[in-house]
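Chain letters run A, B, ... following the sequence lines, proteins first and then strands; every chain starts at 1.
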2 protein chains.
Amino acid sequence: MADSVNIRDVAAMAGVSVATVSRTLKNPDLVRPETRETVLRCVAELGFVPNAQARHFRRQATDTVILLVRDISNPFYLDVFKGVEDVASSAGYKVLMGDARSDPARVHHYIDMVRERHADGLILMTGSMPVELADAGLPPMVVALEYLPTRKLPTVLIDNEGAGAKATQHLLDLGHTAIAHISGPVPEVMSVARVAGWRKALAEAGIPPDERLTVRGDFSLASGEAAVDELFARGLPFSAIFAANDEMAVGAINRLRARGASVPGDISVVGFDDTIFAVACNPPLTTVRQPQREIGVEVMRLMIERLEGRLAPDATVVMPTELILRSSTTVAKPDARMAAGQR
Amino acid sequence: MADSVNIRDVAAMAGVSVATVSRTLKNPDLVRPETRETVLRCVAELGFVPNAQARHFRRQATDTVILLVRDISNPFYLDVFKGVEDVASSAGYKVLMGDARSDPARVHHYIDMVRERHADGLILMTGSMPVELADAGLPPMVVALEYLPTRKLPTVLIDNEGAGAKATQHLLDLGHTAIAHISGPVPEVMSVARVAGWRKALAEAGIPPDERLTVRGDFSLASGEAAVDELFARGLPFSAIFAANDEMAVGAINRLRARGASVPGDISVVGFDDTIFAVACNPPLTTVRQPQREIGVEVMRLMIERLEGRLAPDATVVMPTELILRSSTTVAKPDARMAAGQR
DNA sequence: TTGAAAGCGCTAACAG
DNA sequence: CTGTTAGCGCTTTCAA
């Protein structure tokens with residue numbers, strides 16, 4: 001760095017004390033206008049940039065929060081990040097984004113970073129937390145979109161079960177009765193809730209949910225493809241699929257087509273999230289939209305309140321979801337249900 | 001935070017000086033084993049976590065770098081991030097990811113963050129830099145994938161012109177002669193180079209490049225769709241498209257199909273980047289792969305060398321690209337070239 | 001309205 | 001091998 005100009009250099013040049021320089025920069029009204037002007041001129045002339053590190057150290061705060069996501073490869077988190085970043089930067093915070101890679105050890109690592117005061121707080125968007133930490137004195141944390149059963153923490157949620165039911169209901173409304181589900185990595189809470197929604201909607205429609213029509217995925221494109229293979233291998237007929245996220249839905253569609261089934265002609269597919277995949281997909285994907293940016297906004301708001309000490313430890317915000325109709329779903333053929341055995 | 005245990009508390013409990021505690025933690029071999037053990041026991045017992053902030057302050061370093069990308073919505077950067085993060089974390093650095101949103105003012109903001117010592121250095125992956133900064137004393141910066149004409153900085157690059165030519169050549173090899181190009185946001189250097197590659201390959205094949213077959217995009221899906229509309233509006237026949245990134249290629253394919261053209265039956269399409277879009281696409285996209293993770297690894301290596309003062313200011317690393325053949329391209333029909341006027 | 005001075009927690013000479 | 005000590009740059013009482 002070119003500059004090692006510090007507050008003392010400015011004070012010397014302006015012929016005042018360092019305290020006055022500090023005040024000029026932080027509480028200008030406490031300083032006589034003429035003095036203030038002199039100081040500011042010296043600041044400009046010397047190109048003085050206050051050292052944030054020293055300031056943070058002195059104040060025992062970093063003005064930085066860490067946003068830890070389950071898997072940064074999922075574009076879903078990018079819009080969440082934008083929401084977090086918008087709120088953060090207008091409140092004077094910085095955001096560090098971390099990638100948990102679905103690994104509790106990495107979650108641990110990031111918690112330690114807060115303990116070491118690299119950051120003031122941690123926003124968790126990971127499905128699990130190291131068990132041994134559940135009871136220790138945790139640093140300021142808030143949770144988004146995940147539910148950590150071990151611990152009461154401020155949380156931003158969506159109604160995953162309701163949303164799963166909504167997706168399934170849409171397919172039922174189109175006349176489908178044999179509806180498969182590609183789930184997330186159960187037994188994680190979020191994934192379980194979406195399965196429950198599928199189950200519930202079917203049951204309420206008087207159709208006994210057949211668990212053999214559910215296949216466990218891991219939210220990756222490849223797992224969506226594999227799930228279709230598995231469904232065909234099981235040999236049960238189905239005319240629609242509800243996938244627990246868009247990437248798996250896209251994988252499923254590609255695999256269905258590769259096997260000669262048309263979408264939505266033979267099989268309707270619903271996704272979840274409304275990421276860019278839903279739009280990029282051919283056909284465009286009917287999906288359950290989560291308000292990603294708004295979720296980020298909300299969780300960062302909670303974080304700030306938490307850091308400023310004014311937040312109930314179990315505050316919970318539930319965000320709405322919305323079914324977005326596109327072209328990957330259509331009415332069921334009256335007769336033909338896709339039978340795996342037939343192909 | 002529960003703990004405000006500091007090094008002095010540990011020293012007191014262990015009956016040693018703070019220096020000994022510090023050494024035990026940082027240079028254990030300088031401490032007699034028994035002393036070391038006592039100290040470590042006290043550290044554990046008190047749950048002492050060294051305050052990174054104080055440490056950084058004392059050392060005048062933050063062990064943090066900022067990775068600033070052009071647009072965080074592009075999944076391309078996610079794998080780069082992973083590469084950066086891997087190298088960073090094994091060298092004891094943290095990574096802050098910032099989103100420039102193609103806005104020079106935001107680049108400025110992040111440069112200031114380094115000036116204020118929030119971070120030690122800045123990795124730039126943005127197409128432009130505020131002009132007024134070009135000559136000021138800049139903090140440690142390295143550049144990846146972009147070329148900033150205003151300034152000599154250590155850089156990781158790919159050969160965009162060569163890669164553009166490679167993509168075009170592939171289409172030529174398949175017998176296509178009327179090859180359109182959907183470019184990035186020219187006149188940015190990267191985009192211009194890819195256009196130049198297209199032009200060069202055509203010229204070398206003895207086909208005069210027709211500039212009316214190039215349409216300017218902005219790397220977004222929507223701009224790929226719009227580009228196809230524009231090409232049809234211009235009315236020139238073409239049987240292949242080379243798009244300057246995968247997202248635009250996917251947009252183009254979807255639009256082509258919506259207009260009744262089959263891909264690759266009627267029109268072959270080549271993308272650029274090999275992001276997850278290339279795999280998610282139907283048909284899977286032939287594309288020019290950039291080694292994203294390796295680019296991240298390399299640029300973080302340069303950053304570390306730069307921070308440690310051992311790096312030529314104009315160091316340049318060129319990474320290889322590779323054409324990945326998938327199903328969005330095929331041999332040109334001997335007769336039928338897609339004529340816009342005909343549909 | 002301003003200045004003097006005491007640290008925030010840690011590291012690194014330097015001296016023993 | 002260990003202790004003493006002087007700060008890193010800034011903010012914030014407390015006095016003047």
With a 3.5 Å cut-off and sequence neighbours excluded, list the donor-acceptor pairs that the side chains of residues 45-68 of chain B form with protein atoms.
from   : atom 1 : to      : atom 2 : distance (Å)
N51(B) : OD1    : Q53(B)  : N      : 2.8
N51(B) : OD1    : A54(B)  : N      : 3.0
Q53(B) : NE2    : H56(A)  : O      : 2.7
Q53(B) : NE2    : A61(A)  : O      : 3.3
H56(B) : ND1    : A52(B)  : O      : 3.4
H56(B) : NE2    : T62(B)  : O      : 3.4
R59(B) : NH2    : D63(B)  : OD1    : 2.9
R59(B) : NH2    : D63(B)  : OD2    : 3.0
T62(B) : OG1    : T64(B)  : N      : 3.3
T62(B) : OG1    : D120(B) : N      : 3.2
T62(B) : OG1    : D120(B) : OD1    : 2.7
T64(B) : OG1    : T62(B)  : O      : 3.1

Identify each donor-acceptor pair in which a side-chain atom of residues 20-28 of chain B lies under 3.5 Å from a protein atom, sequence neighbours left out, and give them as a table.
from   : atom 1 : to     : atom 2 : distance (Å)
T20(B) : OG1    : S17(B) : OG     : 3.4
T24(B) : OG1    : T20(B) : O      : 2.7

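For K94(B) and E116(A), the salt-bridge test fails: no basic side-chain N is under 4.0 Å from an acidic carboxylate O. Of the charged side-chain nitrogens involved, none lies within less than 4.0 Å of a carboxylate oxygen, so that E37(B) and R32(B) do not count as a salt-bridged pair. A salt bridge does not link D86(B) with R301(B): every distance from a Lys NZ or Arg NE/NH1/NH2 to an Asp or Glu carboxylate oxygen is 4.0 Å or more.
Following rounding to the nearest Å, L25(A) (CG) and dG9(D) (P) show an atom-to-atom distance of 16 Å. As a whole-Å value, the separation of E34(B) CD from dC1(D) P is 10 Å. Atom-to-atom, CZ of R36(B) to P of dC1(D) comes out at 9 Å; the value is rounded to the nearest Å.
In this structure the side chain of K82(B) reaches within 4.5 angstrom of the side chain of S73(A), judged on heavy atoms. Between E294(B) and E298(B), the closest side-chain pair of non-hydrogen atoms is not below 4.5 Å.
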What are the atom names and distances for every N/O pair under 3.5 Å that joins the protein to nucleotides 4-8 of chain D?
from   : atom 1 : to     : atom 2 : distance (Å)
dG7(D) : N2     : R58(B) : NH1    : 2.9

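Every residue two or more places apart in sequence or in another chain was checked for a side-chain hydrogen bond (donor to acceptor under 3.5 Å, both in side chains) with R41(A), and none qualifies.
Rounded to 10°, the angle separating the first-five-pair axis and the last-five-pair axis of the helix from dT1(C)-dA16(D) to dG16(C)-dC1(D) equals 40°.
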**Item:** side chain to side chain contact (heavy atoms under 4.5 Å, CB included) assessment of L124(A) paired with L122(A)
**Value:** CA-CA 6 Å; L124(A) 271 184; L122(A) 183 62; 4.2 Å; yes
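Boundaries of the chain B contact region on DNA chain C are dC8(C) to dA13(C), first to last in 5' to 3' order (nucleotide atom under 4.0 Å from a heavy atom).
Taking 4.0 angstrom as the limit, T35(B) places a side-chain polar atom (N or O) nearer than this to OP1 or OP2 of dT2(D).
Judged by distance alone, the side chains of D273(A) and T275(A) never bring a donor and an acceptor atom under 3.5 Å apart.
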